There are 2 protein chains.
Amino acid sequence: MNTHETICALATGRGGAISVIRISGEYAIEIADKIFTAKRKNKTLSSQKTQSVLFGYISENEVLIDEVLITVFRSPNSYTGENSVEISCHASQFIVQKILHLLLANGARSAASGEFTMRAFLNGKMDLTQAEAVADVISSGSAQAHRVALQQMRGGFSSELSELRARLLTFISLIELELDFSEEDVEFADRAALRNLISEIDTHLVRLTNSFALGNAIKNGIPVAIVGEPNVGKSTLLNTLLNEERALVSDIPGTTRDALEDVITIHGIEFRFIDTAGIRQTTDHVENLGIERTRQKIEHAEVVLHILDAQSADFHSKIVELAAEYPHKKIIPIVNKSDLFGRVNLLATTPDGRDILYISAKLKQNIERLHNALLNAIDIPATASDAVIISNTRHYEALMRSREACTRVSDGLQTGISGDLLAQDIRDILRHIGEITGQTFTPDEVLGNIFKNFCIGK
Amino acid sequence: MNTHETICALATGRGGAISVIRISGEYAIEIADKIFTAKRKNKTLSSQKTQSVLFGYISENEVLIDEVLITVFRSPNSYTGENSVEISCHASQFIVQKILHLLLANGARSAASGEFTMRAFLNGKMDLTQAEAVADVISSGSAQAHRVALQQMRGGFSSELSELRARLLTFISLIELELDFSEEDVEFADRAALRNLISEIDTHLVRLTNSFALGNAIKNGIPVAIVGEPNVGKSTLLNTLLNEERALVSDIPGTTRDALEDVITIHGIEFRFIDTAGIRQTTDHVENLGIERTRQKIEHAEVVLHILDAQSADFHSKIVELAAEYPHKKIIPIVNKSDLFGRVNLLATTPDGRDILYISAKLKQNIERLHNALLNAIDIPATASDAVIISNTRHYEALMRSREACTRVSDGLQTGISGDLLAQDIRDILRHIGEITGQTFTPDEVLGNIFKNFCIGK
């Protein structure tokens with residue numbers, strides 16, 4: 001992709017009352033001027049101040065296409081850092097196509113997915129983690145996912161990483177100084193201090209990589225499995241949870257959410273029910289397919305809702321059995337049809353101290369308590385609102401590589417390896433951290449992969 | 001609807017990279033300021049100049065919602081004529097809902113459909129025909145529909161009408177002067193000149209009302225019927241026409257047109273095939289349902305494509321028959337499967353001089369000639385690009401009422417009725433013309449009807 005060309009694309013969604021077309025590149029303002037006539041005589045976009053709006057007309061061969069508002073952004077005061085123009089026109093597909101065609105005819109080219117944001121990265125307006133977060137901000141559907149993405153977009157993650165980098169850089173320069181004086185066998189870099197630093201950095205990296213499970217779950221929804229024998233009311237419960245959610249969403253006209261299948265949001269956190277098509281449509285099959293299917297569901301889940309029938313005599317022992325089989329899974333025991341059962345001899349907790357929930361999915365009783373149990377099952381730390389949470393696989397992998405390099409440095413310090421080998425391992429840590437923010441050279445292929453999933457116009 | 005309240009709505013379509021939220025009303029800028037913090041210290045929207053853009057943050061209880069660009073428009077320099085604000089945020093449903101909620105919490109209310117444009121009308125930024133044209137501009141899907149709507153939005157129709165009004169007003173003031181001197185039996189208003197003026201105005205109104213058939217067809221597509229006996233290739237022809245169109249539309253990524261069923265656009269004019277589901281899916285039924293169905297299709301059509309099979313011996317006589325039955329319809333005789341037939345003894349024209357088209361729908365032969373025949377069948381005057389064409393039923397009806405009043409004035413002049421009756425009829429003409437532009441008082445109910453079909457955010 002040639003970054004010297006001027007690019008253009010529709011930036012808004014389809015429909016609505018107005019559409020916005022973005023142009024960015026060295027000649028963005030001149031190209032827009034070629035198709036635009038300001039309403040006020042003698043005004044042109046080229047003579048406009050940055051971040052100001054001009055009203056006028058876009059025409060093709062003196063045939064009027066639309067009345068538009070055009071905002072001019074002059075480099076570096078724009079999203080991309082380049083000269084940029086935003087054309088706000090009527091939201092007609094006909095008009096949008098005409099204007100884009102005119103821009104192409106006058107020297108712009110169609111932008112690729114994410115190309116505006118890629119240019120913002122290449123022009124130093126943001127680092128890679130911030131650029132990646134832009135797509136996450138747009139697609140985030142829950143308060144928590146939005147918060148994680150927004151924090152990353154604003155550079156929260158980057159600033160943590162650059163602090164780590166800065167401290168390592170001090171050491172590496174000292175070690176390199178040693179190498180210059182290698183004949184003399186001096187140690188400028190204090191090995192004990194370095195060991196402390198590496199251990200500190202490793203703790204930091206461990207915290208970040210550990211946050212990935214949560215970050216990923218927040219971004220894509222916490223996978224929840226509903227398991228239980230046939231006819232305990234699994235589908236009724238799922239429908240109760242989903243219908244409540246559907247009634248809640250979208251109370252403002254024009255902003256109805258996409259029909260989200262099998263997803264509920266509780267206090268800004270998305271819970272996604274896995275393999276629910278199976279639960280709802282082939283309840284009988286679950287029995288036939290037997291344990292294997294249930295096992296798969298439980299393994300993919302972060303939280304398991306274990307549904308039992310209050311009328312069944314041995315539900316207490318079933319709770320204990322499942323918990324014993326999956327000791328590391330968060331299982332919430334739920335006794336359904338509590339309305340059909342006298343509340344005598346019911347245990348409040350499992351032998352290992354977990355609460356047992358008594359609900360009626362049909363009568364919608366105690367559903368609020370189930371919500372709380374779901375929230376408690378995933379422990380988002382109380383301080384989560386400030387802590388950096390990573391949610392991107394690319395970041396996770398680079399952090400894991402940094403940790404491996406950390407281990408090599410630790411081992412090297414232990415075995416007293418030479419300064420040049422030590423320096424190489426420290427440089428490895430730096431390189432892997434740099435990959436995350438794009439401070440290290442980033443091959444086009446990696447950039448292409450990052451931006452190809454963006455929408456066009458961003 | 002309270003026009004003193006400040007209104008807000010999402011103005012762009014769903015999806016995309018950015019969304020724009022519009023706010024309008026006396027307190028638009030103050031309300032936006034309550035939820036916004038500029039990036040540059042000490043900057044507020046309230047201190048911004050009109051038509052300038054400020055970068056900053058929208059937060060809720062110190063939790064960041066989004067980074068946004070906000071454009072300020074100060075009354076009267078805005079679309080509505082009121083103080084207005086446009087918030088350009090990331091195109092996330094979550095963010096858009098949050099921002100709208102915050103605006104509502106701070107004193108704005110959700111805008112009704114078309115309420116921004118209605119306020120533009122009420123504040124004298126545009127007259128009713130212009131306001132109505134805004135919705136047409138947005139929905140126009142072809143070059144001609146777009147042109148008609150845009151000309152109306154820019155006031156082309158209004159200025160024709162106000163010219164007529166101005167000339168009538170001169171006369172009515174003279175006649176009213178006569179009434180003041182009624183004892184003296186003087187005639188200030190020259191009756192011969194008035195007769196000429198009324199005749200001129202009537203000619204004008206006739207031209208406008210006559211343009212409605214075309215205007216309506218341009219706006220909604222020219223209805224075309226494809227008729228013919230089973231197996232003459234009606235569905236093949238329709239598919240050939242439609243597929244060609246589908247290959248043509250949308251060569252710019254991100255701007256694909258909605259799948260338009262059974263509509264083709266030739267030189268900017270939409271042709272809409274009526275009742276084609278029947279043709280394509282129940283070809284056999286056409287025969288069974290017999291003449292009645294064909295009759296209905298022909299009656300609803302502006303143009304009829306009469307398809308005949310080149311292999312059928314008597315197709316010449318069939319062409320003559322159909323033409324005789326529907327003498328007022330524009331029927332294009334099309335002989336299909338011309339590839340299966342030696343080109344001997346074929347007539348080039350019908351007995352009444354219409355060209356007979358020989359095509360092969362299957363081999364896509366002579367389809368270009370069919371396009372031209374369709375364009376020729378509807379006569380858009382060569383000067384159409386300048387002439388005002390009306391496309392709105394409300395305008396058509398008001399113009400028809402104006403014509404009736406014109407006739408009463410003419411008749412009155414003929415029979416020499418008194419000045420006060422004459423004045424009343426002239427005032428009727430003025431009133432009906434005034435209804436069109438909204439210069440006459442427009443009841444809320446009429447306004448409601450006009451704007452209810454707008455999209456929200458316009």
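Letters A, B, ... mirror the listed sequences (proteins, then strands); counts begin at 1. Nothing here was measured: the structure is a model prediction, and the numbers come from that model.
The side-chain contact (heavy atoms from CB on, under 4.5 Å) with A/V53 is formed by just one residue from the set B/V72, B/V53, B/T50; it is B/V53.
Counting heavy-atom pairs closer than 4.5 Å to chain B, the top-ranked of the candidates A/G15, A/S92, A/A9 is A/S92. Interface summary for chain B: among A/I65, A/V63, A/L54, the most heavy-atom pairs under 4.5 angstrom belong to A/I65. Between chain B and the options A/N77, A/T12, A/T117, the largest number of non-hydrogen pairs under 4.5 Å is found for A/T12. Contact count versus chain B (heavy atoms, under 4.5 Å) is highest, among A/C455, A/S19, A/G457, A/A11, for A/A11. Heavy-atom pairs under 4.5 Å with chain A peak, among B/K98, B/H146, B/E67, at B/H146. In terms of heavy-atom pairs under 4.5 Å with chain A, the best-connected choice from B/F55, B/F94, B/Y79 is B/F94.
For A/I138, the parts sitting under 4.5 Å from any heavy atom of chain B are the backbone and the side chain alike. When heavy atoms are compared at a cutoff of 4.5 Å, A/T71 approaches chain B solely by way of its side chain, counted from C-beta outward. Of the atoms belonging to A/F73, it is side-chain heavy atoms, and not backbone ones, that fall under 4.5 Å from chain B. Of the atoms belonging to A/A143, heavy atoms from both backbone and side chain fall under 4.5 Å from chain B. With a threshold of 4.5 angstrom between heavy atoms, A/V20 approaches chain B through side-chain atoms but not through N, CA, C or O.
In this structure, A/K125 places its NZ atom where more than 12 heavy-atom neighbours from other residues, nucleotides or ligands lie under 6.0 Å away.
Of the inter-residue distances, the one linking A/S140 atom OG with B/Q93 atom CD reads 11.0 Å to the nearest 0.5 angstrom. For the atom pair A/E86 CD and B/I18 CD1, the distance stands at 4.5 Å (nearest 0.5 Å). To the nearest 0.5 Å, atom CG of residue A/L69 and atom OG of residue B/S78 are 10.0 Å apart. Rounding to the nearest 0.5 Å places CG of A/D66 at 10.0 Å from CZ of B/R154. Rounding to the nearest 0.5 Å places CD1 of A/I95 at 6.5 Å from CG of B/L150.
Within the 3.5 Å criterion, the main-chain N or O of B/V134 finds no donor-acceptor partner in the side chain of A/H90.
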